[in-house]
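Both ligands and their constituent atoms are indexed starting at 1 by order of listing. Here the structure is a predicted model, which is why all the values come from computation and not from measurement.
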Amino acid sequence: MSDLDAFRAEVHEWLDANAPKEIRNLGFSAIDGTWGGRRARFDPPQMKDWLERMAHKGWTAPTWPREYGGGGLDNAHAKVIAQEMATLKLPPPLTGFGLSMIGPTLLRFGTEAQKKEHLTKICRGEIRWCQGYSEPDAGSDLASLQTRAVRDGDHFVITGQKVWTSYADLSDWIFALVRSDPEAKKQEGITFILIDMDDPAVSVAPISLISGKSPFCETRFDGVRVPVENVVGEINGGWTVAKALLGHERSMIADAFGGAGGARTEKGKARGSHLGAMARDYLDAAEGPLPDASLRHEIVQSEMDTRAFGLTVQRSRDAAKAGHQPGAESSLFKVYATEVNKRRTELAVRIAGPHGLGWEAPGFEEDELERTRAWLRARGNSIEGGTSEIQLNIIAKRVLGLPD
Ligand SMILES: Cc1cc2nc3c(=O)[nH]c(=O)nc-3n(C[C@H](O)[C@H](O)[C@H](O)COP(=O)(O)OP(=O)(O)OC[C@H]3O[C@@H](n4cnc5c(N)ncnc54)[C@H](O)[C@@H]3O)c2cc1C
């Protein structure tokens, strides 16, 4: 038996013994995901045990070093854990920007003290993070950001406004870009800094989306005093850190919409077969080929695109050496993931016909209302994490080598 086979048997046995029965068969996101933090919500409540047991094993972040709370595993072993979890249809014990964005960035750029302090808490789901990049006049042109950081002894005093800060109202810490040298060229006067949002000089105000939800906020810093040791990378060298983090953000978005194997869905079923099952329901066609040939074609196309995309991302990961940092290819994956998700949610709405655009009950089932919101939410995919136009510019310049 190979080392990996033996590990697989061990993982399967451990998961089977330790995954609470209430979370089995939930799949990827039958629940909304556990984001952790000081105000963590566990749904169902047994997710708390699941998180604690997995964190104790180091399997909330299997490839991170053990001294920072991770599992110390290579990619091949980490993939075995993911596969065995998928076999048992177990949800991830933890999700969020800690694991997917700031964690990998600290592993690369953080000081030893920052890694010890923050990575361990991320792995245990104790602190929830949000991202303070965008400002009212700095989105695609992020380097124009104006939030000021003025040095005062061993602190920076931070004043300014961020916008579109996802989940700021639920988060404990924010990683932010601030202007520490207003005289320098714009990319060269930016610092990447970690801020505890418990500080009374940090305030957040939720913004409503077209989908009716308020997943993001305006975040204001009104003279927040932040210790200099919270700077990640060099003072005025934050642009390099910021760009590296964006690579992780784009990979996260690509994964969320099918890049990690193409088998995730709103209800924990394979996305393609979910559309197929939906069509059978709505067209009242329990058996045989679906009566609508063009719909049949579109569903199969959507399944194939999702699956092919998942496998491509997986192949690119497998080919990458352990510790590989996402490069410009993350832009490619982000654009494609966005399009696949937009087309899929659009198709789901069309399949549902008159039940496809429900806004409130009565007259619509809960999952029909969710579907309308998912369709509207998908419009934001081509904006968040850098717009599709910006990703296409990056692909043109850095992947294809086209002139400006
Ligand atoms: C759902 C969602 C969640 C988000 N979460 C966060 C978050 O947590 N933290 C955070 O900091 N930000 C977040 N954002 C903000 C996001 O990063 C910005 O919206 C995005 O970078 C675009 O910036 P902007 O909105 O200012 O648009 P603009 O930059 O003003 O762009 C407007 C339009 O012009 C186009 N455009 C601009 N420049 C160019 C160019 N050079 N070439 C071609 N076209 C161009 C854009 O593609 C876009 O279509 C989120 C956004 C969304 C939608």
Side-chain angles (χ1 to χ4, degrees), residues 33 35 37 95-102 105 128-147 158 160-179 186-187 190-195 197 202 204-221 232 238-239 241-254 256-257 330-331 334-335 337-339 341-342 345 373-398 400 402-404:
W35 288 67
T95 187
F97 300 162
L99 283 179
S100 56
M101 288 201 260
I102 186 64
T105 307
R128 181 167 177 166
W129 286 85
C130 63
Q131 176 188 30
Y133 273 31
S134 306
E135 298 183 2
D137 291 318
S140 301
D141 184 14
L142 184 59
S144 295
L145 61 96
Q146 291 301 326
T147 293
I158 298 178
Q161 184 195 353
K162 297 288 173 182
V163 74
W164 320 127
T165 328
S166 296
Y167 311 117
D169 51 341
L170 301 172
S171 297
D172 308 307
W173 278 68
I174 183 168
F175 48 91
L177 296 178
V178 293
R179 183 152 304 285
K186 56 183 187 177
Q187 279 88 352
I190 293 173
T191 294
F192 188 110
I193 198 161
L194 311 176
I195 304 172
M197 298 179 80
V202 180
V204 295
I207 304 171
S208 286
L209 274 188
I210 188 176
S211 66
K213 297 188 173 166
S214 292
F216 52 34
C217 302
E218 267 181 9
T219 306
R220 286 174 192 274
F221 304 115
V232 180
W239 192 241
V241 185
K243 282 192 298 183
L245 184 137
L246 282 173
H248 292 294
E249 180 176 14
R250 286 163 195 156
S251 298
M252 169 193 78
I253 294 172
F257 304 125
S330 63
S331 294
K334 201 243 156 181
V335 171
T338 292
E339 291 311 311
N341 196 44
K342 280 209 288 200
T345 52
R373 285 168 166 73
W375 168 64
L376 290 169
R377 173 64 183 82
R379 315 311 292 176
N381 298 158
S382 52
I383 304 172
E384 61 199 309
T387 67
S388 291
E389 289 79 10
I390 295 300
Q391 304 315 312
L392 293 173
N393 283 346
I394 294 173
I395 294 165
K397 277 191 217 158
R398 308 231 313 265
L400 302 175
L402 299 177
D404 273 341

> Is the shortest N/O to N/O distance between Y133 and ligand 1 below 3.5 Å?
Replying inline: yes
>> Geometry only, no angles: is D141 polar-contacting ligand 1 at N/O separations under 3.5 Å?
In response: no
> Is there side-chain contact between W35 and T95, with heavy atoms separated by less than 4.5 Å?
Replying inline: yes
> Nearest protein heavy atom to atom 2 (C) of ligand 1, by residue and atom, and its distance?
Replying inline: F216 CE2, 3.3 Å
>> Protein heavy atoms near atom 40 (C) of ligand 1, is at least one of them under 4.0 angstrom away?
In response: yes
> Can you tell me which residue and heavy atom of the protein come closest to atom 26 (O) of ligand 1, and the distance to 0.1 Å?
Replying inline: G139 CA, 3.3 Å
> Is there a donor-acceptor contact under 3.5 Å from the side chain of K334 to the main chain of M252?
Replying inline: no
> Taking the side chain as C-beta and beyond, is there a heavy-atom pair between K186 and D141 under 4.5 Å?
Replying inline: yes
> Where is the nearest protein heavy atom to atom 25 (O) of ligand 1: which residue, which atom, and how far?
Replying inline: W164 NE1, 3.9 Å
> Quick one: does K162 get a heavy atom under 4.0 Å from ligand 1?
Replying inline: no
>> Protein heavy atoms near atom 13 (C) of ligand 1, is at least one of them under 4.0 angstrom away?
In response: yes
> Quick one: does F221's side chain get under 4.5 Å of T147's, heavy atoms only?
Replying inline: yes
> What is the nearest protein non-hydrogen atom to atom 42 (N) of ligand 1, stated with its residue, atom name and distance?
Replying inline: N393 ND2, 3.2 Å
>> For atom 11 (O) of ligand 1, what is the closest protein heavy atom, and at what distance to 0.1 Å?
In response: S134 N, 2.6 Å
> Does E389, backbone or side chain, put an N or O under 3.5 Å from an N or O of ligand 1?
Replying inline: yes
> Among protein heavy atoms, which sits nearest to atom 32 (C) of ligand 1, and what does the distance come to when rounded to 0.1 Å?
Replying inline: S140 OG, 5.0 Å
> Which residue supplies the protein heavy atom nearest to atom 19 (O) of ligand 1, what is that atom called, and how far is it?
Replying inline: I383 CG2, 3.3 Å
>> Ring centroids only, cut at 6.0 angstrom: are F97 and W129 within range, meaning strictly under it?
In response: no
> Can you list the ligand 1 atoms lying under 4.0 Å from a non-hydrogen atom of I390?
Replying inline: 38 (N), 39 (C), 40 (C), 41 (N)
> Under 4.0 angstrom from atom 52 (C) of ligand 1, is there any protein heavy atom?
Replying inline: yes
> Could any protein non-hydrogen atom be found less than 4.0 Å from atom 17 (O) of ligand 1?
Replying inline: yes
> N/O to N/O below 3.5 Å, does that happen between T387 and ligand 1?
Replying inline: yes
> Which heavy atom of S331 sits nearest a heavy atom of I394, and at what distance?
Replying inline: OG-CG2, 3.6 Å
>> What protein heavy atom lies closest to atom 8 (O) of ligand 1? Include the residue and the distance to one decimal.
In response: S166 N, 2.9 Å
>> Are the side chains of L245 and F175 in contact, using a 4.5 Å heavy-atom criterion?
In response: yes
>> Are more than 12 heavy atoms, taken from residues, nucleotides or ligands other than W239, located less than 6.0 Å from that residue's CH2 atom?
In response: yes
>> Show me which atoms of ligand 1 lie under 4.0 Å from any heavy atom of R377.
In response: 1 (C)
>> Using side-chain heavy atoms (C-beta onward) and a distance below 4.5 Å, is L194 in contact with I102?
In response: yes
> Do any N/O atoms on E135 end up under 3.5 angstrom from N/O atoms on ligand 1?
Replying inline: no
>> With heavy-atom distances below 4.5 Å as the criterion, would you say the side chains of M197 and D172 are in contact?
In response: no
>> Less than 4.5 Å apart, side chain to side chain, heavy atoms only: is that true for Q161 and E135?
In response: no
> Hey, are the side chains of V202 and I158 touching, using non-hydrogen atoms and a 4.5 Å cut-off?
Replying inline: no
